[in-house]
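All remarks here apply to the structure that follows.
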There are 2 protein chains.
Amino acid sequence: MDQVEIFKALSNKTRLQILSWLKAPAENFPEQPNADFENIGVCVGQIQNKAGLSQSTISEYLSILQRADLVSATRVGQWTYYKRNKEGIEQLSKIINSEL
Amino acid sequence: MDQVEIFKALSNKTRLQILSWLKAPAENFPEQPNADFENIGVCVGQIQNKAGLSQSTISEYLSILQRADLVSATRVGQWTYYKRNKEGIEQLSKIINSEL
DNA sequence: AATGTATATCGACTTTTCCCGATATACCAA
DNA sequence: TTGGTATATCGGGAAAAGTCGATATACATT
């Protein structure tokens, strides 16, 4: 993964917010029926509601975060659940500590 | 300082390189007469030579990095020396560890 | 099979970023 | 004070990102 792409993914207020919401889903989202968001993540619709941007924009933002390895996605039925990707974020932390 | 501005500053290959060069100036730049770059930093011209972009572009890039608190500048005579800003980079590291 | 819901993708428009050359400013030396 | 060097700022054209509404796709329910 290109480092520049990681930082570009983070260069947007809404995407930063999404990432911080996904750090503590229970504090930031109402409960979901049939899906434990601590394990599987939060579905696109909930993130969209909270962010207040259009569905297409949020879907694209989530895929930008995913391409940067900052979140991961799981499809279950008609829903896609996104959650924070611990490894990717640790990787970023390492880049900063070793290269900058 | 706005977090988004910090990540924007890092969303560019050349600016990331500059920052990594400034982490170890002695390894990345030829000696400068009359200026210890470990203490005071590296002048714009040397950075420009190494980066291979225009003078105006590099000057602007350095000021973007400075506004993000990632580097600091010292003017001495006709030269401006830029160096890595340890505090700003530590701050960034903290943001990532605590908020993302 | 038909309809409804969740998400992804497309096309378009606007705003921002990239990067340049030209010019301005600051400082130094003769 | 004139000219030279280093850096900053300005104006602009091309490329990328932000964001939307419309449409496509995928799945579930009847």
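Labels below follow one simple rule: chain letters A, B, ... track the order of the sequence lines, proteins then strands, and each chain is numbered from 1.
- For D/dA8, its base sits under 3.5 Å from the side chain of B/Q55 at one donor and acceptor pair at least.
- Under the 4.5 Å side-chain criterion, counting only non-hydrogen atoms from C-beta, B/L70 is not in contact with B/Y82.
- Distance B/E60 CD to C/dC19 C1': 8 Å, rounded to the nearest Å.
- Here A/Y81 does not reach the OP1 or OP2 of C/dA6: none of its side-chain N or O atoms lies under 4.0 Å away.
- The nearest whole Å value for the distance from the CD1 atom in B/I64 to the C1' atom in D/dA8 is 13 Å.
- Of the side-chain N and O atoms in A/Y82, one or more sit less than 4.0 angstrom from OP1 or OP2 of C/dA8.
- Scanning both residues, B/F29 and B/L22, for their nearest heavy atoms gives CE1-CD2, 4.2 Å.
- Note on A/T57: every side-chain N or O is 4.0 Å or more away from OP1 and OP2 of D/dG18.
- The side chain of B/R75 places no N or O atom within less than 4.0 Å of a non-bridging phosphate oxygen (OP1 or OP2) of D/dA8.
- Nucleotide C/dT7 holds its C1' atom 16 Å from the CG atom of A/L53, rounded to whole Å.
- Between A/L10 atom CG and D/dA17 atom P the separation is 14 Å, expressed in whole Å.
- For B/Y61, the listed nucleotide lying nearest its side chain is C/dC18; candidates were D/dA8, C/dC18, C/dT7.
- The two residues B/S54 and B/Q48 make their nearest non-hydrogen contact at C-NE2, 3.8 Å.
- Following rounding to the nearest Å, B/Q17 (CD) and C/dC19 (C1') show an atom-to-atom distance of 15 Å.
- For the atom pair B/L19 CG and B/N12 CG, the distance stands at 11.0 Å (nearest 0.5 Å).
- Residues A/F7 and A/L92 meet the side-chain proximity criterion, which asks for heavy atoms closer than 4.5 Å.
- As judged by a 4.0 angstrom heavy-atom cut-off over every strand, A/T80 is placed among residues touching the sugar-phosphate backbone only.
- With hydrogens and angles ignored, a donor-acceptor pair closer than 3.5 Å exists between the side chain of B/S56 and the base of C/dG21.
- In this structure, A/Q46 places its CD atom 15 Å from C1' of C/dT5, rounding to the nearest Å.
- At a cut-off of 3.5 angstrom, counting only N and O atoms as typed in the model, there is a donor on one side and an acceptor on the other between the side-chain of A/Q78 and the base of C/dT5.
- Contacts of B/S63 with the nucleic acid, taken as non-hydrogen atoms under 4.0 Å apart, are absent.
- The side chain of A/N12 places no N or O atom within less than 4.0 Å of a non-bridging phosphate oxygen (OP1 or OP2) of D/dA17.
- The interatomic distance linking B/W79 (CH2) with C/dA29 (P) rounds to 8 Å, in whole Å.
- One interatomic measurement links the two molecules: CD1 of B/I47 to C1' of D/dA6, which rounds to 13 Å at whole-angstrom precision.
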